[in-house]
Amino acid sequence: MARRTSEVAAAASTSSGATLFARLGIRREQDLVLHLPIRYEDETRITALGALRPGETAQVQGVVVRQEIVARPRRTLAVELRDDSGSITLRFFHFYGSQLRQFAVGNRVRAFGEARGGLFGLEMVHPRYRVVDEGEPLPQALTPVYPTVSGLGQARLRATILRALRAVQWPETVPAAVLAALGLPASADALRAIHQPAPDTSARALHERTTPAWRRVIFDELLAQQLSLQRARAARAAQRAPTLSDDVLARCLLQALPFRLTGAQQRVWTQIAGELATAQPMNRLLQGDVGSGKTVIAALAAAQAIGSGWQAAIMAPTEILAEQHLRRIGPWLERIGVRIAWLSGSLKEPEKRAARARAASGEAQLLIGTHALIEDAVAFARLGLAIVDEQHRFGVAQRLALRDRLEATTTVVPHQLMMSATPIPRTLAMSYYADLDVSVIDELPPGRKPVLTRLVSDARRDEVVARVRAAAAAGRQVYWVCPLIAESEALDLQSAIDAHAALVRELAPLRVGLVHGRLPSADKQAVMAQFASAALQVLVATTVIEVGVDVPNATLMVVEHAERFGLAQLHQLRGRVGRGSGESVCVLMYRGPLSAAARERLKTLYETGDGFEIARRDLLQRGPGEFLGARQSGEALLRFADLERDSDLLGAAREVAAALLRDDPARVDEHLQRWFGGREEFLRA
């Protein structure tokens, strides 16, 4: 590891100093050099006080003509500066005795901040300032502003970074021919140009990260990501997996199914069946829009594993989704003789022990459950296939634990099939799933009609309730989704509990059920079973029904306070209807006035039912961290790159990574050590 700078070493000698730098991700000298500005301030010119306007951020200079401590309404230091064109007041709510000496009448002060209109003219509140001599020269370049934490000021951080920039050795890790082809500068030159931009550098280009220097840093970041993921793929390819080649049980299941696979399902199943039959571990992401039929592919994969003499496991992030798999896949596989066990956190301890014992002995051929499957107490006799549904909804630490548990279960590594009903935009798949193979079910089963989407103001709630009553009278069932479980003082939203009480009154004598995340598992199961059997006409719910719930007779979905939900959530909720032959409608009921972002989300849902287009727009709005469920890692997924803006560099980084891994492993190690310092795990979670 590279030596630390004296500043970082000194800071690390105290627990508080080490914490400050660690909170910024600064542990090594390279980390300082890669701690790049979030913006720049223009201190290269002075704005005359008479030309300054409210709302303008600028640097001013003047002579102190008055200083005053004002006691009311709160103790404040007010300092009046004057130049030949006008005056301004610098106002400080927190100040020290030393500042009174700095602001002695007659001193010349240079200040940087935002001008605001005050009672007695323009003022700056807590500007950055310093006492200067007359004629003192101005900086010749823009001043970088860095991400920081309380207790670590910009001046100290800036000086520390510049010392590291001068001291660190920065060997080039990308071949010169590649840089020439992409029009990129040397890495060391690029970093200096970002920390200390030349006077003629465009402030806008720096802000938008489109200068050649910024593009080089972004390329290096994407290259590090691709190297890590592609190396992980190669490492897994070197492991051995069981050969699951006996497809007799899978063919029996295909014959027993009450429907035929779509063309897309057949194509995907052929891919997966072929990979299971090899000794190289399958590591595949199966994605498809809501209702596209991923569950039957999971069942077929489990059948092939079990038919080959091995066990399979299916893990889902919520009990409702895991129970849905149990109810859906269970009967299919039990019909062909498969022995199934169920394991979730809500089971009583004797039931858990029994399920674990069946898995450990091999008596249970398929184990279905929640993250309880990755607890230390769970052991498999012969686990050959692990299926993880909605894998991005698990926390990063849980995904790492799952992978580690799977790779430690036997002398061979189980095949892995991950499924997602949230389609992954192409750039995201290229970037974050470079270590996976991706299959897409891009066809809905025959007879599935598109769901009509309606946007309705909550001022028309009575009309929506009448629509619910009419649907129930026609023999159909209705979901009514709310964002909260109980009333919150912070958010003026209709809660699920209150909505249920109101709808029971308004829709009497219709039977209205309620399900939410805080209900005991047995109660949730009972309510869902009543709705599935049509004993309930209306189900009031929170987003626990977002994925996995399949009631073909439900043709109307009402989402209350739709402006509070994300795009992916709304699309998932809409996918709970339209599963039968009847025409289905999703009513997105909103409360105005809408923010621009909320208006754009609702407009997107109204305009398209294409999950990939929705996912693309969702990525633009939310960024990859939230999209992938990876915020829990505490590590930024991509600090500098933007997958939409930098897609050309992403493609180049993939190609260069493959060449470097093949031809120059020493450069690979240098590049990864520089960017990650051994912290690659979260990237591949």
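The analysis underlying the following values was restricted to heavy atoms, covering all of them including side chains, and did not include hydrogens, waters or symmetry mates.
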Verdict with supporting geometry, Ser439 and Arg284, side-chain hydrogen bond (donor to acceptor under 3.5 Å, both in side chains) | CA-CA 7 Å; Ser439 294; Arg284 184 167 288 276; 2.6 Å; yes
Is Arg639 close enough and on-axis enough to Trp675, meaning under 6.0 Å and within 45°, for cation-pi?
-> no
In a check of salt bridge (Lys or Arg N to Asp or Glu O under 4.0 Å) between Arg667 and each of Asp669, Asp664, Asp663, which one passes?
-> Asp664
Quick one: does Asp31's side chain have a donor or acceptor within less than 3.5 Å of a partner on Arg27's backbone?
-> yes
Pro242 and Val412: which non-hydrogen atoms are nearest, and at how many Å?
-> CD-CG2, 3.7 Å
Is there a donor-acceptor pair under 3.5 Å between the side chain of Gln59 and the backbone N or O of Glu43?
-> yes
Check the side chains of Glu670 and Thr173 for a donor-acceptor pair under 3.5 angstrom, ignoring hydrogens and angles.
-> no
Donor-acceptor contact below 3.5 Å, side chain Gln280 vs main chain Arg240 | no
Without swapping roles, check the side chain of Tyr40 against the backbone of Ala141 for a donor-acceptor pair under 3.5 Å.
-> no
Per-pair distances, 0.1 Å, donor-acceptor, side chain in residues 144-151, under 3.5 Å, sequence neighbours excluded:
residue, atom, partner, partner atom, Å
Tyr146, OH, His195, ND1, 2.7
Thr148, OG1, Leu152, O, 2.5

Can you find a pair of side-chain heavy atoms, one from Thr243 and one from Thr278, that are under 4.5 Å apart?
-> no
Is a donor on one side and an acceptor on the other found under 3.5 Å between the side chain of His415 and the backbone of Met282?
-> yes
So His671 and Asp220, side-chain hydrogen bond (donor to acceptor under 3.5 Å, both in side chains) or not? Walk me through it.
-> CA-CA 8 Å; His671 196 85; Asp220 278 2; 4.6 Å; no
Within the side chain of Arg645, is there an N or O that forms a donor-acceptor pair under 3.5 Å with the backbone of Thr210?
-> no
Those residues at least two apart in sequence (or on a different chain) that pass salt bridge (charged side-chain N to carboxylate O under 4.0 Å, His left out) with Glu655 are none
Quick one: does Arg216's side chain have a donor or acceptor within less than 3.5 Å of a partner on Leu179's backbone?
-> no
